[in-house]
Amino acid sequence: MDLSSSRSIFGRSVGKLAPLAISLLFFLVLSALIPSTEAYDSLDPNGNITIKWDIMQWTPDGYVAVVTMFNFQQYRHIQAPGWTLGWTWAKKEVIWSMVGAQTTEQGDCSRFKGNTPHCCKKDPTVVDLLPGTPYNQQIANCCKGGVINSWVQDPANAASSFQVSVGAAGTTNKTVRVPKNFTLRAPGPGYTCGIAKIVKPTKFVTQDGRRTTQALMTWNVTCTYSQFLAQKTPTCCVSLSSFYNDTIVNCPTCTCGCQNNATQPGSCVEGDSPYLASAVNGAGKNSFTPLVQCTSHMCPIRVHWHVKLNYKEYWRVKIAITNFNYRMNYTQWNLVIQHPNLDNLTQLFSFNYKSLTPYGGINDTAMLWGVKYYNDLLMEAGPYGNVQSELLFKKDPSTFTFEKGWAFPRRIYFNGDNCVMPPPDSYPWLPNAASQLMSTSAMTLLTASAWLLIYYV
């Protein structure tokens, strides 16, 4: 084949590959420009917060609606200082009044000469009312300071509602325009909300169960959580130990940050520091910014997994959760653990337990939380800033082993955030693991020497 013919063939090949190459390049550039938020949680694939907006009656210039936030997440809740909900009106709507919540700003209402609306902002921001609000300002599921518990842990308190009277809006199903650009902070970033979708009107059953009514119009908004949007750094880590090895595997160094008091004073405080009280009550006291105890990992929360005892047919694990944050009490905390032996969990001490099956019939994930009025409150850092329990597992002879770190968890979540595990090669090994490794290496060397001897002789 001459050079000219090869060039022609090469040119036709390049011509066929050009569209594919351009598509691939476009995909790579688009992937680089759009950040991955990883809102999908494999342990809770259907978890979300659904905002339901039910129009209950029409008014001369708008409508009265009940807005309810349902937390359909199995183990992730909204803790103090609570949720903050925002949106943008589609037209020039105003909020005449609210029950069970309030907007943070009134905005410019100077165009109204008579009654003054509760809020005239194009993009209102709404917060829940605090406990103790007068009864004439409450509706069902309101006034909890924005705290919403998780669906599994406390389904009775997994919703929050408020009533809003909207003016300068449509007065029929055809003239009403749904709000847009919904935002949910709980209490910080982390949730991404989709567009409002009109759905079938919600139906309500009376207390006696003999009559059903329905909303005049309903739309839903779905919000999903991403830990990468919520925090720039992890919030918890895991340490490991066992009865068969003296090694204590601590959380990886600088897991949640590094000690840097030289350039960033106040990033942490020593537990025995004489200035501890002034640091805790100083600037940032009410900002919920973590003030952690100085540690090698600098995480607010550490979960320790200790393989405690080995019986003939059972084995025992101790779990300890330690709070290193001097500014936060964790109310209604929870822990999610993934381990292959959770399908044979026999007994649990001083914690509540619920099996989660995110992968169908595979029962390797469990949710743990404290007993109410006993240890459901994890206190701030200090002598009372820890909770602990023990788990008793029954051995499955076909799978059970202490080798290669099998006895340690695969994943641990605290309050819905994935905790950083130590690297697998640092796990406590059985005492004879090193000798077995040396024996294997020696056998390999001996075999190689024998082959060399055979080859050259």
Side-chain angles (χ1 to χ4, degrees), residues 43 227 233-258 292-311 314-325 330 333-351 353 364-369 378 381 385-396 399-437:
L43 298 185
Q227 184 175 349
T233 59
T235 57
C236 60
C237 63
V238 180
S239 58
L240 309 170
S241 62
S242 66
F243 71 89
Y244 54 77
N245 195 313
D246 292 336
T247 302
I248 298 177
V249 181
N250 291 317
C251 294
T253 303
C254 294
T255 299
C256 304
C258 296
V292 299
Q293 182 178 326
C294 293
T295 59
S296 60
H297 53 79
M298 293 291 287
C299 289
I301 294 293
R302 183 192 66 195
V303 181
H304 185 75
W305 178 283
H306 175 66
V307 181
K308 185 177 181 179
L309 291 170
N310 182 31
Y311 307 105
Y314 299 89
W315 62 292
R316 197 181 189 101
V317 168
K318 182 176 181 178
I319 296 177
I321 308 171
T322 305
N323 184 6
F324 292 98
N325 188 354
Y330 292 91
W333 61 267
N334 64 63
L335 207 63
V336 174
I337 301 174
Q338 191 174 38
H339 190 282
N341 211 165
L342 281 169
D343 58 346
N344 278 329
L345 179 62
T346 304
Q347 192 170 4
L348 179 70
F349 304 90
S350 70
F351 281 1
Y353 161 82
D364 67 346
T365 307
M367 177 177 168
L368 312 178
W369 66 96
L378 178 57
N386 68 88
V387 291
Q388 52 191 340
S389 180
E390 295 191 3
L391 288 70
L392 186 66
F393 297 96
K394 186 175 182 180
K395 295 179 181 178
D396 183 351
T399 59
F400 175 80
T401 178
F402 281 132
E403 295 182 354
K404 300 179 180 179
W406 184 90
F408 298 105
R410 307 303 182 259
R411 275 192 287 184
I412 289 183
Y413 286 22
F414 178 81
N415 276 1
D417 285 339
N418 195 3
C419 300
V420 177
M421 299 284 296
D425 58 355
S426 67
Y427 285 13
W429 292 84
L430 286 170
N432 61 351
S435 60
Q436 288 180 356
L437 183 62

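Predicted, not measured: the structure shown is a model, and the values here were computed from it.
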Asks: Nearest 0.5 Å, please: how far is CG in Asp364 from CG in Asn344?
Replies: 12.5 Å

Asks: Hey, could you give me the OG/CZ distance between Ser242 and Phe408, rounded to the nearest 0.5 Å?
Replies: 4.5 Å

Asks: Quick check on side-chain hydrogen bond (donor to acceptor under 3.5 Å, both in side chains): which of His306, His304, Gln388 does Lys318 satisfy it with?
Replies: Gln388

Asks: Taking atom types as modelled and ignoring hydrogens, do the side chains of Arg411 and Gln338 form a donor-acceptor contact shorter than 3.5 angstrom?
Replies: yes

Asks: Test your reading of the model: is there a side-chain donor-acceptor pair from His297 to the backbone of Cys236, 3.5 Å cut-off?
Replies: no

Asks: For the atom pair CG (Leu391) and CG (Leu348), what is the distance rounded to the nearest 0.5 Å?
Replies: 5.0 Å

Asks: Once you round to the nearest 0.5 Å, how far does CG of Asn415 lie from OH of Tyr413?
Replies: 13.5 Å

Asks: Are Cys299 and Cys237 close enough, and set up right, to give a disulfide bond (SG atoms under 2.5 Å apart), and what steps lead you there?
Replies: CA-CA 7 Å; Cys299 289; Cys237 63; 3.8 Å; no

Asks: Rounded to the nearest 0.5 Å, how far apart are CD1 of Ile321 and CD1 of Ile412?
Replies: 8.5 Å

Asks: Under 3.5 Å, is there a donor-acceptor pair linking the side chains of Asn341 and Trp315?
Replies: yes

Asks: Run the ring-centre check on Tyr330 versus Phe414 and record whether the distance is less than 6.0 Å.
Replies: yes

Asks: Please lay out, stage by stage, how Phe351 and Glu390 fare under the test side-chain contact (heavy atoms from CB on, under 4.5 Å).
Replies: CA-CA 9 Å; Phe351 281 1; Glu390 295 191 3; over 6 Å; no

Asks: For the residue pair Pro340 and Thr399, establish whether any side-chain heavy-atom pair is separated by less than 4.5 Å.
Replies: no

Asks: Taking everything shown except Lys394 itself, do over 12 heavy atoms lie less than 6.0 Å from its NZ?
Replies: no

